[in-house]
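Input: a single structure, listed below in structure tokens.
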Amino acid sequence: MAACSVSPLRAPSSSTKPKRNSPKNPELRPIETIKTDLLFNFNTPFELKQAHSLVIKSNKHHSVLPLSRVASVCALTPSFDYAQSVFEHVDKSEIVIWNSCIRSFAEGDSPVNAIHLFYRIRCADIRPDSFTCSFVLKACSAARDVSNGRIVHGLVEKLGYGSDLFLQNTIVHMYACCDAMDDARKLFDEMPERDVVTWNIMITQLTKRGDIGKAQELFDVMPERSVRSWTAMIAGYVQCGEAKKAIELFTMMEEAGERANEVTVVAVLAACADLGALNLGRRVHEYSDRCGFRRNVRVCNTLIDMYIKCGCLEVARMVFDEMEERTVVSWSAMIGGFAMHGQGEEALKLFSKMSRIGIRPNEITFIGLLHACSHMGLVEEGRKFFASMASEYGIAPRIEHYGCMVDLLSRSGLLQEAYELIKNMPIKVNGVVWGALLGGCWVHKNVELAEEAFKHLLVLDPNNDGYYVVLSNIYADAGRWDDAARVRKLMRDIGVKKTPGWSSVTVGCVVHEFVAGDGSHPHAEEIYQSWEKLLEKLKLSGYVPNTSVVLLDIDEHQKENVLFRHSEKLAVVFGLMKTPPQTPIRIMKNLRVCEDCHAALKLISKISDREIVVRDRNRFHCFKDGFCSCRDYW
DNA sequence: ATAGGGTTAG
């Protein structure tokens, strides 16, 4: 294959034609072996010839499948002209066989082979047709090989296929995939004629690059839209974290009379998962049932994820149990879901079941498992899983896994061991890892190590307000008020702003949002009055406001007022007011629940006989009868 | 035989 090494795609002189070599590895294998391999399992020219003779004997030499297998092997061995001699007696034209072969390489694991084969075809002076070009361009996209892509582009023009719309689309796609967006855009702008696919390619590629604005511009002006155009935009908005816009667009799509397909459903469900939009999620679930989309594994996986992130673990489990086939993604989603909901035992049980039936875990499965161990304080179990990643499954732990381990160790009070783990990590430490140690230092009151962790955080992630808040809390807990104040001053000096906390609660089909201290809500007056009444009952049940979580230099009374306006309190009061008794209240919050709200919510669940499900930044808290599913360990 | 969306974690 090194015969013509100048440019793989230029037509060669005859001297560069590969020679017909004798087999390098003529190991003799009994013919029966080849038979049982169904003629397709050969890799040396010698085996190839044996297989060929079998193809002829079995009278299959007219079918493309064994022939393109023969051709594929030739592409990787020095038997190219032998393959050609095979094709001489076939009723299909030779280029058709090569095309099918290039295509299967282009769509397989090693698209580079498609490019190698194309080069051999050019070397043999065989004229590519437009299909050949489209397949090899597809391979260039997959291999992100823009230089060969450019050469094929030139060749397309030279061979007179330049005005073929199919090929133009493929070329635009190729440039975009190879990160040559300017070339793609230029070509797109210059195209005399475009079809809906052309527009869709541009839109999809722009959204993949996070350029949702430009994608929207094109979407707005395109002459006609297909389901795929809508889907690309919806998926694009989900990808860049704008789930609300995604759902708006989905509504518009329905109004335009377009019917969602499996891919649309996946994107919309992902948006519901992000927003905790259970009602829409349920509607899409029913729609998927009616359309038979539940046969699709990805639809089910996304459904599971949606229910998990909307706090409906049981429904997620039902969808999981009803699936016809499950992939590692299904198992990982479910394991991670149990971990997120504080049901570590279930997560581990599911993992054993998964292993028993022979599904190999991937790196994401382990993130769920380590989370589960962390939430249950299962240090030994976690250590074992962590070690088994490399030793049993050949998966190198990534930074996220180290983060989980540091979290597990430091939450369990093994702060020194966690610190050692960080110091001996074979990969670069990030803020999340130090942040996990800092969190452990808060729980276990270790000021010195907290200072050490914070030192690194100040370098790695100085704009993250959470770390200042935690360190300040640690000082406050230790009675070191001056130091706590110093941290707050440092925060001001650097210009780090505290992320405003918000919570949302769903009432009927409407999501109501509350920001901490919210006086602007239309029902603010009503909510505050309700809170005062609730507060009396809370105090009778033993609630004592924990003002230490308020890090402002104000007096106790003012601190209480700040505390009582925390967004999750406003949201739960509103939920109690506006939803029927006994129904669960579902709340979402952008930050972690503070200690005081956590204590209050436990009591509220008891006093008002309600299940309160709170989706935190990290996990779920399910408050019921005065207890929380996190067992106060979060 | 030809081009364009999608799942788990962070």
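Any value given below was found using the heavy atoms of this structure, including those in side chains, with hydrogens, waters and symmetry copies removed. So that the names make sense, note that chain A is the first sequence line, chain B the second, and so on, each numbered from 1.
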With heavy atoms of chain A within less than 4.0 Å as the criterion, where does contact along DNA chain B begin and end? B:dA1 to B:dG10
Give a yes or no on whether a salt bridge exists between A:Lys244 and A:Glu248, defined as a side-chain N under 4.0 angstrom from a carboxylate O. no
Are A:Glu286 and A:Arg282 ion-paired here, with the side-chain N under 4.0 Å from a carboxylate O? no
Please list, by residue number, the residues of residues 161-174 of chain A whose heavy atoms come closer than 4.0 Å to an atom of DNA chain B; answer none if no residue qualifies. A:Phe166, A:Asn169, A:Thr170, A:His173
Contact class for [X] vs. all strands (heavy atom < 4.0 Å): base, sugar-phosphate, or nothing?
{"X": "A:Thr327", "answer": "nothing"}
{"X": "A:Ile364", "answer": "base"}
{"X": "A:Arg398", "answer": "base"}
{"X": "A:Asp305", "answer": "sugar-phosphate"}

Among A:Asn200, A:Ile201, A:Asp195, which residue satisfies the side chain to side chain contact (heavy atoms under 4.5 Å, CB included) criterion with A:Thr198? A:Asp195
Which of these passes side chain to side chain contact (heavy atoms under 4.5 Å, CB included) with A:Leu117: A:Ile121, A:Ile115, A:Asn113? A:Ile121
Where the chi angle of B:dG4 falls, syn if within 90° of 0 and anti if not: anti
For the ring pair [X] and [Y], is the centre-to-centre distance below 6.0 Å?
{"X": "A:Phe105", "Y": "A:Phe135", "answer": "no"}
{"X": "A:Trp331", "Y": "A:Phe351", "answer": "no"}
{"X": "A:Trp199", "Y": "A:Phe219", "answer": "no"}

Heavy-atom nearest pair, A:Val406 first then A:Ser410, reads O-OG, 2.6 Å
